[in-house]
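Every heavy atom of this structure was used, including side-chain atoms; hydrogens, water molecules and symmetry mates were not. Residue numbers begin at 1 in each chain, while the letters A, B, ... track the order of the sequences.
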Amino acid sequence: MSGIKGKTVESKDKEVIKRLNGLGKEIYDQIAAGKEPGMELPVRTLGNIYFDKKSKTIKLGDKKSRREFLNVAHARKFMQTMLVASEIKHIIDEKATTSIRDLYYALKHTIEGTNENTFEEQSESDPLIEDIEAGLELLREELHLAASSKGVIVGNMKIKDGKDTIDLTKMGSGGWGIPSNVEPERIQIKDLSADYILFIEKDAVWKRFNEDQFWKNHKCIIITGRGQPSRAERRFVQRLNKEFGLPVYALMDADPWGMYIYSVIKQGSISLSYSEEKLATPQTKYLGLTVHDVEEFKIPKEVTIKLNALDVKRLNEMKKYEWFRTKEWQDEFALMKEKAVKLELEALSKKGIRFITETYLPQKIKSKDFLP
Amino acid sequence: MAEEIAVHTGLNAEQIAKEFKEHSVAEFFKKNRQMLGLTGKIKTLTTIVHEYVTNSLDACEESEILPDIEVKIMELGEEYYEIAIKDNGPGLTKETMGKALGQLLAGTKFHRMMQMRGQQGIGAAGCTMLSLVTTGKPVQVISGTSKGHTFMAEMTIDSKKNEPKIIKIEEIKRDFKGLAIKAKFKEVKYQKSEQGPLEYLRRTAIANPHAKIIFIDPWGEKTVFERTSKKIPRKPMAVKPHPKGSTVDEILTMARSTSARKIASFLKTDFDRMGDKAIEEITKNVSFDMNKDPKKLSWEEAEDIIKNFKKMTFIAPSLEGLRPIGEERIRSSVQSIVQPEFLSVLTRKATVYRGGFAFQVEAAIGYGGMAGRGSGEKDEQTGGEIKRIEIMRFANRVPLLFDTGGCALTKAVQSLDWKRYGIKDLNNAPLSVFIHMLSVHIPYTGAGKQAVSDEDEVMEELRLALMQSARQIWRFVAGKRKQEEKEKKRKLFLKYATEVAIAVHKLTGKKKEDIEKKLQNVVLKKLKLEEKLEKEAENGNEEEKPKKKAKKVDK
């Protein structure tokens, strides 16, 4: 597992700098010896991940690839990787924490004597940060980098963030914005009183639950990642699950994309496979929606949506993922394919504005009608 | 010209002569203008220039003089021009002047099997005639044969009698050697186009590297095509017609003028590759008496002879009469006039088509530089003008400017699979293609002598010549691309090297300049190694490949 265990912030920083310098030295030694410089990096694609049955998370395999400076296809990426490494060192030296967008801007400049920029888009620098995390076996937080987080949460608990204590029952309609670093040395959870966590895919639906004070009435914590959750939301949910033994229920659209987001919460994602042990929550259960619900809850046909070609393609891909190879999921996929429909959470409003909070959810939880 | 008319009208020379007697020449001329290649105002002007320039080149060649030719075109009014041509040739005497410029059909030798530039329709006398019928004005001539002996004349044609009509002639005191003609024409038009006189002269200069040609256009702009070779081409040799290339009409015409007294001896002496055995075989197979007077040979009997010729085998005709321009001379003239970045030139060995006609093909392809035809459009990337392909066709050193599409020379260029030679879009490539066919008998498609027909053997030779030249172009283009790619690579690595050095410096604390220098060395070392490997691979490949004969036609 990656990351540096049980050390103080200062000694952690020292270790990170040591590893970054190590990369620099490795490259320098090659150059000084007149060799073609290159670095070994773990391959972060579907072909090099596996589902670890023991931890029940996605893990990175040990396939490596060499990123070489003197390869036309790699040269730019190699240069960018070195820039990212040197900038991270700089950030740690300054004892600062910046966002990955800050890092992108800090590094973006026109290469001398050309009209080419070192980076054109943040999408160029983001994966290189992940390369460095995976290659040097470090966590994002240890690099003093914060991914922008966008999730919100409310429920019966208190948060101690530095000197501030925040009561998550008094967050109004907006909820508490989850910060990008939710590591225990930064965020402490207090006075928690809840039976489960409800992870909602969509912000609009989360707002309905908050407005109806669902969390108060049903003694739970509601959280949304506003679509695909970033790592802070997932890390925080994992902590709630691990530290307080709370079950996690996912409430997603009944389509391949919602179901995939669920799997990321539960087992992890392919690109972050190197640190999923710190992010994934394998105990998560899929509460809904499902295509089975359409009949179960007599949802009118007219609010279902026909699957498009892209949906079907994604569905076929997901069917083969190891973590979806359970009878229940295969049945659900088969039914979705057979009926060729998908269903959005908002579609339940057809049955009444509070149908989702007052009928659908309580019934689901009561009957324990979950997908694994 | 009679030969021309005979071909196009189906009349033989005798009948034409008779017709000339019965009708006025002017009438005949007017009636047959299209047939004489005098259609189109632009084409007519170019044809006039061609007739005069061809006469000058032929005269100089005959007298072994390096030609200096000046052509000047002046606009006198709407579709009204004066053409002045001056050469340094042997000049004309008073007697020869009349025949050369004042009598249609004079001086045309029937059935001379010889590689000749040839008239494209009307000859210089035809120009006199055209001037007369369009303007009513005479032609002015100055001729100097040697020091002091210079005369000036004004002359035209007596169109009823087909005789020169001298209006004025006088000795003048001028030290002049050569011939100068001034003639006026209406219903013609000057245009600076691919079919205009300037382009005609440019191509004439390319095919005649021993000539210096000066052109002054109606706006007074002067263009000089310098001589690039001081070697006067050897005179082509007249050869006897080969039986396989003969026609009924030809045999009949030759039979009328032969000095032989029997058909057997006529065939034996007046035709190439005709031995006793062949005569024996023909005698056996024909139904008429081979000992009769050739002058009494009938059309049907001549047909019989041709039928036998077709069945029999003969030794191929002699290839000695042909006079190619030659690779060296084409190279220097194309390089000087077209100015391509790269040029490949090829003269193929002479061969035979239809079993009876010797011919030879020369090709040159210029790439890049000033090669190609300007499109008038700007290239967004380079800022220069976009170039299109230019196909320069020649037959016996004469540029062919018209009937482009129907010509075997054009078809041969278009039939190549140019992608195989690194030319992705032929029409928009910076290419100048020079393609020359020379023969004792060019198989023109029609009256205007502007297009060559696509005889199988001719097409094959044309394609082989083009393919061989194109292969060199391909090597050049590929090499150039490779060089560009290498340069791009070098720039790419060096540009990133600075950034990498800065990053490594920040991570290690080592000196930035030192890292950068070492990294640059690694880059250069790598590129050198790649180049070395490439060369080795290339050499290795060439050794492995057995030399293939160029016989196979691509596509």
Side-chain angles (χ1 to χ4, degrees), chain A residues 16-39 67-94 106-119 125 128 132 136, chain B residues 378-384 422 477-538:
Chain A
V16 175
I17 299 264
K18 203 179 127 196
R19 291 190 196 178
L20 288 168
N21 286 350
L23 173 66
K25 190 176 179 307
E26 189 189 329
I27 300 300
Y28 176 80
D29 287 347
Q30 295 175 46
I31 295 171
K35 286 184 193 152
E36 297 176 19
M39 59 182 101
R67 182 166 296 164
E68 289 170 328
F69 178 58
L70 291 175
N71 177 327
V72 177
H74 298 177
R76 183 172 161 87
K77 250 190 183 174
F78 181 95
M79 173 273 289
Q80 291 173 328
T81 311
M82 294 309 292
L83 289 185
V84 169
S86 72
E87 182 60 20
I88 292 170
K89 183 189 174 188
H90 174 69
I91 293 165
I92 299 172
D93 281 344
E94 295 278 311
L107 288 174
K108 179 171 185 163
H109 64 260
T110 305
I111 299 169
E112 211 185 305
T114 72
N115 50 15
E116 185 182 329
N117 287 328
T118 47
F119 292 88
S125 59
L128 301 182
I132 288 174
L136 301 183
Chain B
K378 226 173 124 178
D379 187 332
E380 297 286 328
Q381 284 184 336
T382 63
V477 173
K480 203 176 145 137
R481 280 201 194 129
K482 217 182 248 171
Q483 208 52 49
E484 278 169 2
E485 229 146 75
K486 246 181 239 159
E487 182 56 23
K488 232 169 148 184
K489 223 166 155 183
R490 195 182 68 89
K491 277 192 180 150
L492 177 104
F493 291 146
L494 291 182
K495 135 182 108 182
Y496 294 150
T498 315
E499 296 291 334
V500 171
I502 294 170
V504 174
H505 154 74
K506 281 184 182 163
L507 289 171
T508 60
K510 307 270 183 200
K511 258 180 116 180
K512 188 211 128 192
E513 289 74 18
D514 177 50
I515 302 166
E516 189 175 354
K517 203 161 171 246
K518 281 180 175 145
L519 189 52
Q520 282 170 352
N521 287 340
V522 175
V523 170
L524 298 177
K525 199 173 104 186
K526 158 94 171 176
L527 293 177
K528 251 186 211 156
L529 183 74
E530 272 183 6
E531 205 160 321
K532 201 180 138 201
L533 288 174
E534 254 167 43
K535 266 187 195 150
E536 278 174 11
E538 258 170 47

| message | Please report the interatomic distance CD(Glu499(B)) to CZ(Arg76(A)), rounded to the nearest 0.5 Å. | response | 10.0 Å
| query | Do you know which of Lys25(A), Glu87(A), Met79(A), Lys89(A) has the most heavy-atom pairs under 4.5 Å to chain B? | reply | Met79(A)
| Worked check of side-chain contact (heavy atoms from CB on, under 4.5 Å) between Glu116(A) and Tyr496(B) | CA-CA 10 Å; Glu116(A) 185 182 329; Tyr496(B) 294 150; 2.3 Å; yes
| request: Locate the shortest heavy-atom distance separating Leu507(B) from Met82(A); write the atom from each residue and the value. | output: CD1-CE, 3.9 Å
| query | Got a sec: does the NZ of Lys35(A) have more than 12 other heavy atoms crowding it under 6.0 Å? | reply | no
| task | Give a yes or no on whether Lys518(B) atom NZ has more than 12 heavy-atom contacts from other residues, nucleotides or ligands under 6.0 Å away. | result | yes
| said: What part of Ala497(B) gets within 4.5 angstrom of chain A, counting heavy atoms only: side chain, backbone, both, or neither? | reply: both
| Partner chain B: residue of Val84(A), Val72(A), Leu70(A), Ile31(A) with the largest heavy-atom pair count (under 4.5 Å) | Leu70(A)
| message | Nearest 0.5 angstrom please: Leu20(A) CG to Thr508(B) OG1, how far? | response | 12.5 Å
| Under 4.5 Å from any heavy atom of chain B - which part of Thr118(A) | side chain
| Does any non-hydrogen side-chain atom of Ile502(B) lie less than 4.5 Å from one of Ser86(A)? | no
| What residues of residues 479-494 of chain B sit under 4.5 Å from chain A when you count only heavy atoms? | Lys489(B), Leu492(B), Phe493(B)
| remark: Honestly, the part of Ile27(A) sitting under 4.5 Å from a heavy atom of chain B is side chain
| message | Tell me whether the count of non-hydrogen atoms from other residues, nucleotides or ligands lying under 6.0 Å of NZ in Lys510(B) goes above 12. | response | no
| message | Between Asn71(A) and chain B, with a heavy-atom cut-off of 4.5 Å, which part of the residue counts as in contact: side chain, backbone, both or neither? | response | backbone
| Engaged part of His90(A) at the chain B interface, taking heavy atoms whose separation is under 4.5 Å | neither
| remark: Within residues 522-532 of chain B, contacts to chain A at heavy-atom distances under 4.5 Å involve Val522(B), Val523(B), Lys525(B), Lys526(B)
